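No hydrogens, no waters, no symmetry mates; every other heavy atom, side chains included, goes into these values. What you see is a predicted model; the values in this text were computed from it and never measured. In what follows, every chain begins at residue 1, and chains take the letters A, B, ... in the order their sequences are listed.
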Amino acid sequence: MHNERTEDEWLWGWDPTPGIVTLWAEDDGRVTVWRRDPRTGELLRETERFRPWVVLDRLDDLLHLGDALCCEGEPIANARVVYRELDGPGALRYLVTADNYKTLNTAILRGATERLGRPVATLRELGPDAAIALPLDEQYLVATGRNYFRDLTFDQLRRLQFDLETTGLSPERDRIFMVSVRDPSGTVEILEAQGRGDAPEAELIRRLVAKIREADPDVIENHNLHGFDLPFLHRRARSLGVPLALGRIGPPGLRRRAARRGMVAEDDTERRVRFVAPGRELIDTIDAVRRYDYTVRALPSYGLKAVARYLGLAGPERELIRGDLIYTTYHTDPDRVRRYAAADVEEVAALSRTLGGPAFALSRMVPRRYERLADAGPATGMIDPLLVRAYLHAGNALPAHQASDGTPHSGAALHLFATGVAHRVVKADVASLYPSLMRTYRIGPARDHLGVLLALVDRLVEQRLTAKAAGRAAPSGSAERHAHEAMSAAIKLVVNSAYGYLAAGGGLTRFADVHAANEVTRRGRETLDFMCRSLAERGVTLLEADTDGVYFAVPPVWTEADERRVVADVASLLPPLVQLEFEGRYAAMLSHEPKNYALLGYDGTLLLRGVAFRSSRAEPYGETFLRHALEHLLAGDVPGVRAVYLDTIDALRRRELPTIKIASRVRLTKTPERYRATRENRRELPYEAMLGSGREHWHVGDKVRVYRTRTGQAAVAPEVDEEGATALGDPRDYDVPHYERLLRDNFAVRLQRAFTPGDYATVFADPDQASLFAPPLETIRPVLTPRGGGD
DNA sequence: CATAACCGGGG
DNA sequence: GTGTACGGTTATG
């Protein structure tokens with residue numbers, strides 16, 4: 001039906017123009033393209049022309065144009081709008097073009113207004129099944145088959161990072177007093193307001209703008225750029241009357257685009273927007289962090305400092321200042337704030353280079369701007385544009401969205417086979433299960449009669465294997481390896497969302513097909529069940545199976561080679577494209593509930609999964625207890641578990657634990673006024689703690705640590721600095737019996753499944769009431785309890 | 001007490 | 001002239 005070259009063009013586009021780093025398209029079809037020469041790095045600015053286009057489900061709305069409308073191939077001299085009827089059964093079958101998008105838009109809206117007998121002001125009002133109207137830059141990329149970054153490496157981009165230091169979080173109340181800027185060569189400069197008030201702040205913004213224009217970057221980056229720095233800067237510049245000329249063309253001032261993850265637009269509360277600077281790409285590293293954690297699920301927080309530390313990007317001397325203390329610190333120790341601000345932009349640059357690869361790689365495939373691909377979701381953000389381009393390139397009509405026929409969507413399988421403690425645990429899982437099933441059983445959307453989605457998935461998986469192999473062959477740490485790994489990660493993202501694209505409910509995606517999606521999950525459940533049966537037949541003890549992976553325990557005499565062999569045996573029984581892999585092995589596991597377990601690695605590392613074992617609100621002393629108790633439990637040391645429990649109670653009773661360790665972290669969501677209004681009806685611990693500690697003022701969103709005092713009142717725990725010292729001394733007046741109960745009822749219970757009821761009572765018996773008849777701790781063995789059926 | 005709505009971050 | 005999911009928390013009936 002289609003050949004290899006066609007499929008290549010579906011995936012990569014067809015115009016080889018190298019080095020596009022950004023572009024800006026106007027209504028009249030003029031496009032400014034900025035390219036970097038892949039050899040010299042030199043920046044070229046070119047002006048191109050294209051015909052803006054729309055795909056419609058009918059020509060009716062354009063018939064009023066008379067002679068000014070004509071069919072492609074039979075040109076009429078003064079035709080302003082040209083149409084072409086596309087092949088195939090799709091409902092969206094008229095590709096209409098004009099010299100100017102405004103001409104096209106106005107003509108369609110006029111016709112639609114007449115036809116419907118009501119004013120139609122935007123194409124969007126016609127609904128997604130009457131018109132496909134993309135942003136102009138995407139129209140250009142789809143029409144030309146061009147893509148960003150061909151033949152360019154990530155390091156050839158000119159990237160600049162800037163970070164604002166402000167007196168607070170509110171652009172209405174607060175000001176910018178410092179900006180750190182890292183230019184594309186890596187030099188960091190700290191700009192500061194020379195004094196207080198409007199004039200110095202305005203001058204600071206002017207210097208920032210001048211600095212950016214002089215450095216002339218292709219890309220501007222920061223962490224939470226779109227959520228904080230740009231909106232703050234925009235607001236301050238506007239109220240100070242400073243022109244914000246950050247773009248490369250057009251009048252000063254930032255433009256806006258709609259974006260799901262954007263900020264709330266000023267004029268209305270519904271839509272969300274992000275800023276755009278023509279001629280530059282505005283990249284927020286928080287998007288890359290989210291995308292990374294979406295698969296990895298290991299980040300403690302999405303904050304810059306936490307992520308930089310986690311990824312090993314933070315220097316050993318990294319200056320840290322609590323957010324609310326930055327401005328006050330600036331008065332007493334300005335150099336410290338300068339070091340802090342400099343470290344921020346350095347970390348952003350490193351973070352972007354580490355996690356920004358996938359968006360860069362995607363830009364070479366998907367016909368959208370780099371900055372849009374950085375925050376786009378994979379289904380509607382990447383797969384849909386690829387499908388639209390492929391259909392139009394093939395001259396084929398696109399289907400309308402299909403309303404649900406009421407078929408419910410069925411999900412994955414989840415089995416819990418046993419709870420309690422198991423030893424010698426192995427995890428085996430299928431790499432990219434759903435895409436593999438789609439490929440094996442040729443499951444694609446019914447209305448995709450060109451077979452584009454499956455062809456894309458096939459090509460992407462092949463590309464990924466190539467990229468992975470090339471990455472392994474390249475020297476560790478090299479730019480080449482980095483590029484291949486980024487490509488592999490980007491492809492994984494798209495491939496894994498192919499199923500999500502099928503399953504998207506509510507008519508979100510053009511080719512969504514719940515029947516096909518259900519066939520994928522049915523095959524998935526079948527595959528998982530088959531894997532479990534086959535493993536059990538080979539003598540392992542099944543523990544938990546979820547969607548595409550199985551945890552199981554092996555007999556004591558087995559070696560790692562035996563473990564790998566049993567996985568390979570079962571893998572050989574599966575279809576060739578469905579690849580079961582040996583994912584890891586662990587010394588022990590506590591299986592608590594579905595998706596809730598603790599794993600002890602052979603190297604001693606403890607891995608906790610699920611809400612039962614990690615919660616941001618949990619009191620630190622309880623978390624610490626749980627970790628230590630689990631380490632002893634999984635190492636087979638039951639007396640050690642008891643000792644940790646007794647030590648914790650002892651530390652509580654002796655008040656050796658700092659107050660901060662027993663306090664729980666809460667976020668204040670009501671203003672002082674709002675809380676006082678409802679206080680008589682319902683008392684809430686966090687606010688009572690604030691008032692009780694004499695803190696009458698706070699902002700919504702403030703986070704504090706609160707605890708219960710020995711008199712039963714609520715109090716705010718004193719904040720500690722980085723060294724753990726409190727400024728005013730630590731009262732340690734917490735309610736010991738209360739926190740003993742909490743330890744037993746909230747934390748110790750998470751080890752309940754590890755013991756028989758009698759043994760559990762012994763291990764966590766009250767130290768004051770130890771029974772003479774209890775069995776000695778040394779004889780207690782953790783248990784593993786099978787769960788019949790497994791659901 | 002259940003379900004819906006909201007948040008994640010930035011100074 | 002858009003559109004992740006997910007897991008956790010808080011508001012609301």
Side-chain angles (χ1 to χ4, degrees), chain A residues 25 27 52 54 101 105 121-125 128 131-139 163-171 173-178 222-233 255-263 270-274 276 284-287 289-291 293-295 297 299 301-307 321-330 337 340-341 344 372 375-384 493-494 496-497 500-501 503-509 595 609-611 614-618 665-670 684 686 699 701 703:
Chain A
D27 284 331
V54 172
Y101 188 64
N105 203 32
T122 65
L123 286 178
R124 222 163 56 87
E125 290 173 40
I132 299 176
L134 301 181
L136 282 158
D137 42 69
E138 291 174 26
Q139 291 180 30
D163 185 53
L164 306 182
E165 302 306 329
T166 67
T167 59
L169 289 171
S170 158
R173 281 197 308 270
D174 302 307
R175 292 183 185 280
I176 305 166
F177 69 91
M178 179 187 286
N222 195 18
H223 202 66
N224 210 11
L225 177 72
H226 287 289
F228 179 72
D229 296 83
L230 281 178
F232 201 108
L233 180 63
R255 320 275 186 106
R256 289 170 179 79
R257 68 175 163 108
R260 187 75 182 101
R261 303 209 66 92
M263 61 200 173
E270 285 300 297
R271 305 181 63 75
R272 291 178 160 261
V273 295
R274 282 189 168 192
V276 178
D284 192 334
T285 45
I286 213 169
D287 294 320
V289 166
R290 279 198 187 100
R291 188 174 279 170
D293 198 49
Y294 174 58
T295 45
R297 291 202 188 287
L299 293 180
S301 127
Y302 291 174
L304 175 64
K305 286 83 181 165
V307 176
I321 309 175
R322 239 176 59 198
D324 56 343
L325 299 179
I326 290 170
Y327 189 50
T328 48
T329 305
Y330 183 61
V337 178
Y340 169 84
D344 271 8
R372 289 210 60 196
D375 70 57
T380 49
M382 298 163 196
I383 293 181
D384 221 43
L493 185 80
V494 179
N496 284 344
S497 66
Y501 183 91
L508 278 175
T509 56
K595 296 176 189 278
R609 281 283 148 81
V611 279
R614 37 196 303 172
S615 163
S616 63
R617 275 201 57 159
R665 209 170 115 94
V666 295
R667 191 169 163 266
L668 302 175
T669 57
K670 296 178 180 174
E684 294 171 67
H699 294 298
K703 286 165 192 156

Across the strands shown, which category fits [X] at heavy-atom distances under 4.0 angstrom: base, sugar-phosphate, nothing?
{"X": "A:L304", "answer": "sugar-phosphate"}
{"X": "A:N222", "answer": "nothing"}
{"X": "A:Y340", "answer": "sugar-phosphate"}
{"X": "A:D344", "answer": "sugar-phosphate"}
{"X": "A:L325", "answer": "nothing"}
{"X": "A:I326", "answer": "sugar-phosphate"}

Write down the distance between [atom1] ([X]) and [atom2] ([N]), rounded to a whole number of angstrom.
{"X": "A:N224", "N": "B:dC7", "atom1": "CG", "atom2": "P", "value": "14 Å"}
{"X": "A:L134", "N": "C:dG1", "atom1": "CG", "atom2": "P", "value": "12 Å"}
{"X": "A:R256", "N": "C:dG1", "atom1": "CZ", "atom2": "P", "value": "16 Å"}
{"X": "A:L233", "N": "B:dG10", "atom1": "CG", "atom2": "C1'", "value": "14 Å"}
{"X": "A:Y327", "N": "B:dG11", "atom1": "OH", "atom2": "P", "value": "16 Å"}
{"X": "A:Q139", "N": "C:dT2", "atom1": "CD", "atom2": "P", "value": "11 Å"}
{"X": "A:R291", "N": "C:dT4", "atom1": "CZ", "atom2": "C1'", "value": "9 Å"}
{"X": "A:Y302", "N": "B:dG10", "atom1": "OH", "atom2": "C1'", "value": "16 Å"}

Provide the distance between the two [atom1] atoms, one in [N] and one in [M], to the nearest whole Å.
{"N": "C:dG3", "M": "B:dG10", "atom1": "C1'", "answer": "24 Å"}
{"N": "B:dG8", "M": "C:dT2", "atom1": "P", "answer": "25 Å"}
{"N": "B:dG11", "M": "C:dG7", "atom1": "C1'", "answer": "27 Å"}

Looking only at atom types and distance, does a side-chain atom of A:D27 sit under 3.5 Å from a main-chain N or O of A:Y101, one as donor and one as acceptor?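 No, A:D27 side chain to A:Y101 backbone: no donor-acceptor pair under 3.5 Å.
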Within the distance-only criterion (no hydrogens, no angle test), does the side chain of A:D284 pair as donor or acceptor with the backbone N or O of A:H226 below 3.5 angstrom?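 Yes, because the side chain of A:D284 sits within donor-acceptor range (under 3.5 Å) of the backbone of A:H226.
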So does A:Y501 get a side-chain nitrogen or oxygen closer than 4.0 Å to the phosphate oxygens (OP1/OP2) of C:dT4?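 Result: no.
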Report yes if a side-chain nitrogen or oxygen of A:S301 is closer than 4.0 Å to either non-bridging phosphate oxygen (OP1 or OP2) of B:dG9; otherwise report no.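 The answer is yes; a side-chain N or O of A:S301 sits under 4.0 Å from OP1 or OP2.
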Counting side-chain heavy atoms from C-beta on, which of [options] comes nearest to [X]?
{"X": "A:T122", "options": "C:dG1, B:dG11, B:dG9", "answer": "C:dG1"}
{"X": "A:R372", "options": "B:dG10, C:dG3, C:dG1", "answer": "C:dG3"}
{"X": "A:D375", "options": "B:dG10, B:dG11, C:dG3", "answer": "C:dG3"}
{"X": "A:H223", "options": "B:dG9, B:dG11, C:dT2", "answer": "B:dG9"}

Any N or O donor-acceptor pair linking the side chain of A:R290 to the base of C:dT4 at under 3.5 Å?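 No pair found.
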A:N105 CG to A:L123 CG distance, which is reported to the nearest 0.5 Å: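 Nearest 0.5 Å value for the CG-CG distance: 4.5 Å.
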Compare every heavy atom of A:E165 with every heavy atom of A:A341, then report the nearest pair and how far apart it is.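 Scanning both residues completely, I find the closest heavy atoms to be CB-OE2, 3.6 Å.
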Side-chain H-bond candidate by donor/acceptor type, A:N224 with A:Y302, under 3.5 Å: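 Absent: no donor and acceptor within the cut-off.
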Please list, chain by chain and in numerical order, all residues satisfying salt bridge (charged side-chain N to carboxylate O under 4.0 Å, His left out) with A:D324, sequence neighbours excluded.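 Per chain and number, A:D324 pairs via salt bridge (charged side-chain N to carboxylate O under 4.0 Å, His left out) with A:R322.
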